[in-house]
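Data first, discussion second: the structure below is written as structure tokens.
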Amino acid sequence: MFSSLKYLPSIFYKRDPLQFTFFVTSRCNSRCPFCFYWQDRKAGNDELTVEEVEKISASMGNLLWLLFSGGEIFLRRDLPDLVEAFYRNTHPVIITLPTNGLAPDLIVPATEEILKRCPESAVVCKVSLDGTGDDHDRLRDTPGSFEKALETWEQLRRLGERYDNLQLGINTVFCRENQDEMDRIIDFVNTLPGCETHTISMVRGNPADTVYKEIDLEKYRRAVLRLEKDLKGGNAKMYHFTLARLKTAQDLVQRRLIYETVRQGRRLLPCYAGRIGAVMNEVGDIFPCEILTDKMGNVRESGYDFPKVFFSEQADRVRAKINNTKCYCSHECYFVTNILFNPLMCGQVIRQYLELPGTSRAAS
Ligand code: SF4
């Protein structure tokens, strides 16, 4: 029921969403100036309830990858109930939970509850670290956030000793203010006990302060090549879920493609957002991705019937626009499906796979 293999036909037939992102809240206890969701930070009124989410998820098919986003997702005290509703109804192979790590008292018990209630899914918890020490606090405009993130990390790491379905990683937003600190950040993350992945996400969307987007692309390239070197040299770890090596190989292809996409300023791969990927915000609006503001519809208005929105004429118009405008972006999550479900990318992924430590070719 939770197997990834059943999604293989989507390499050729892209009909149903298999990647779904749910923005559970726009509330946040941090004030990162590079956040792409800052305009939506509201009081939290009118968020979808557990009962509503139960009905929406029951109308959906199975999912390969379920991501939660926000805001700070753990500010929703009912997060385990929301995750469980999706788990029961859509059987996600992977569930991703990002957090700023600021509230260990909320994050750790909720994560444990999710691990207990979703035993068949790989639960990936990603903690944000955008600098070391005071740099992190300054960047996030939140004093004490580095220490809190480390406290959360340590408690999650201990949780990982008891729950094999927990996978832990660090995410760093790459922006103008930390682009010269990447080696220091990577060195630090490499020493973090229990860390199974370190991702670097290029700042995206329309942050409150656009100066953070003025990055030096060559510095991004150096940082991601450093991650690749550490991984292939055995100095960095990989997730332990089934097919994690395939995901890691995809990451390596993805980072190079993101660099090239931004450098060339054009789409290099077809985008499957709105076809095998969809996004729902906290009030039930459905979008093809996190970046486009073209709404496909609202699930509250459709009687909590997700297919009615996703296969509507309005949704077709949004898909046609994506196709016709050939929009492009650097959003890592969409590169994952755009690479893994594009038959033309198989060769590159396999090549990277064979270069990972532990494969016979890499070992020879
Ligand atoms: S290329 Fe980016 S902005 Fe365009 S549809 Fe895909 S994910 Fe959205």
Side-chain angles (χ1 to χ4, degrees), residues 7 10-11 13-23 34-40 63-70 94 96 98 126 171 173-175 199-207 210 212-213 215 217 220 224 247 250-251 253-282 285-298 306 309-345 348-349:
Y7 298 97
S10 295
I11 293 177
Y13 307 106
K14 293 174 178 65
R15 284 184 296 238
D16 299 307
L18 51 84
Q19 173 192 10
F20 189 75
T21 306
F22 178 18
F23 280 69
F34 47 78
C35 176
F36 67 90
Y37 209 53
W38 63 280
Q39 285 164 318
D40 295 273
L63 293 172
L64 170 65
W65 189 16
L66 171 65
L67 300 97
F68 290 84
S69 191
I94 301 167
T96 300
K126 287 288 234 359
N171 185 60
V173 174
F174 181 95
C175 63
T199 46
I200 290 181
S201 305
M202 190 183 287
V203 60
R204 65 176 181 270
N206 297 307
T210 52
Y212 288 84
K213 288 193 82 174
I215 61 164
L217 196 56
Y220 171 82
V224 295
K247 166 75 175 69
Q250 178 285 140
D251 280 345
V253 176
Q254 176 207 93
R255 293 163 186 163
R256 289 163 180 244
L257 258 171
I258 289 175
Y259 165 77
E260 273 305 321
T261 299
V262 179
R263 191 180 72 79
Q264 296 186 33
R266 67 184 180 98
R267 176 189 283 189
L268 299 178
L269 280 184
C271 182
Y272 304 140
R275 294 172 69 195
I276 56 173
V279 169
M280 178 168 74
N281 70 9
E282 63 280 359
D285 293 331
I286 305 292
F287 299 92
C289 66
E290 293 179 16
I291 293 171
L292 295 186
T293 51
D294 303 73
K295 201 163 98 175
M296 296 173 135
N298 180 286
F306 174 78
V309 174
F310 195 72
F311 298 109
S312 65
E313 286 180 11
Q314 173 58 17
D316 284 342
R317 280 193 285 277
V318 173
R319 279 185 280 271
K321 184 177 167 189
I322 292 172
N323 217 20
N324 296 338
T325 58
K326 296 199 173 10
C327 61
Y328 68 94
C329 70
S330 66
H331 189 185
E332 292 76 9
C333 294
Y334 288 89
F335 272 86
V336 175
T337 36
N338 292 349
I339 291 170
L340 288 178
F341 290 90
N342 184 332
L344 300 177
M345 297 306 291
Q348 286 193 44
V349 174

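Along the sequence shown, residues are numbered consecutively beginning with 1. Atoms within each ligand, like the ligands themselves, are counted from 1 in listed order.
At the top of the distance list for atom 2 (Fe) of ligand 1, counting protein heavy atoms only, stands Cys329 SG, 2.3 Å. The nearest heavy-atom contact from the protein to atom 4 (Fe) of ligand 1 is Cys327 SG, 2.3 Å. The single protein non-hydrogen atom nearest to atom 8 (Fe) of ligand 1 is Cys289 SG, 2.4 Å, given as residue, atom name and distance.
Judged by distance alone, the side chain of Arg319 and the main-chain N or O of Gly274 form a donor-acceptor pair under 3.5 Å.
Under the 30°/60° scheme for interplanar angles, the aromatic rings of Phe174 and Tyr220 are found to stand perpendicular.
Taking the six-membered ring where the residue is Trp, the centroids of Phe306 and Phe20 are separated by under 6.0 Å.
Not a single N/O/S atom of Cys271, whether from backbone or side chain, sits less than 2.8 Å from atom 4 (Fe) of ligand 1.
Using a 4.0 Å cut-off to heavy atoms of Tyr334, the atoms of ligand 1 that qualify are 7 (S). Within ligand 1, the atoms closer than 4.0 Å to a non-hydrogen atom of Leu292 are 3 (S), 5 (S), 8 (Fe), numbered from 1 in the order shown.
No cation-pi contact links Arg15 to Phe311, judged by a cut-off of 6.0 Å to the six-membered ring centre and 45° from its axis.
Residues Phe335 and Gln254 share a closest heavy-atom pair of CB-CG, 3.4 Å.
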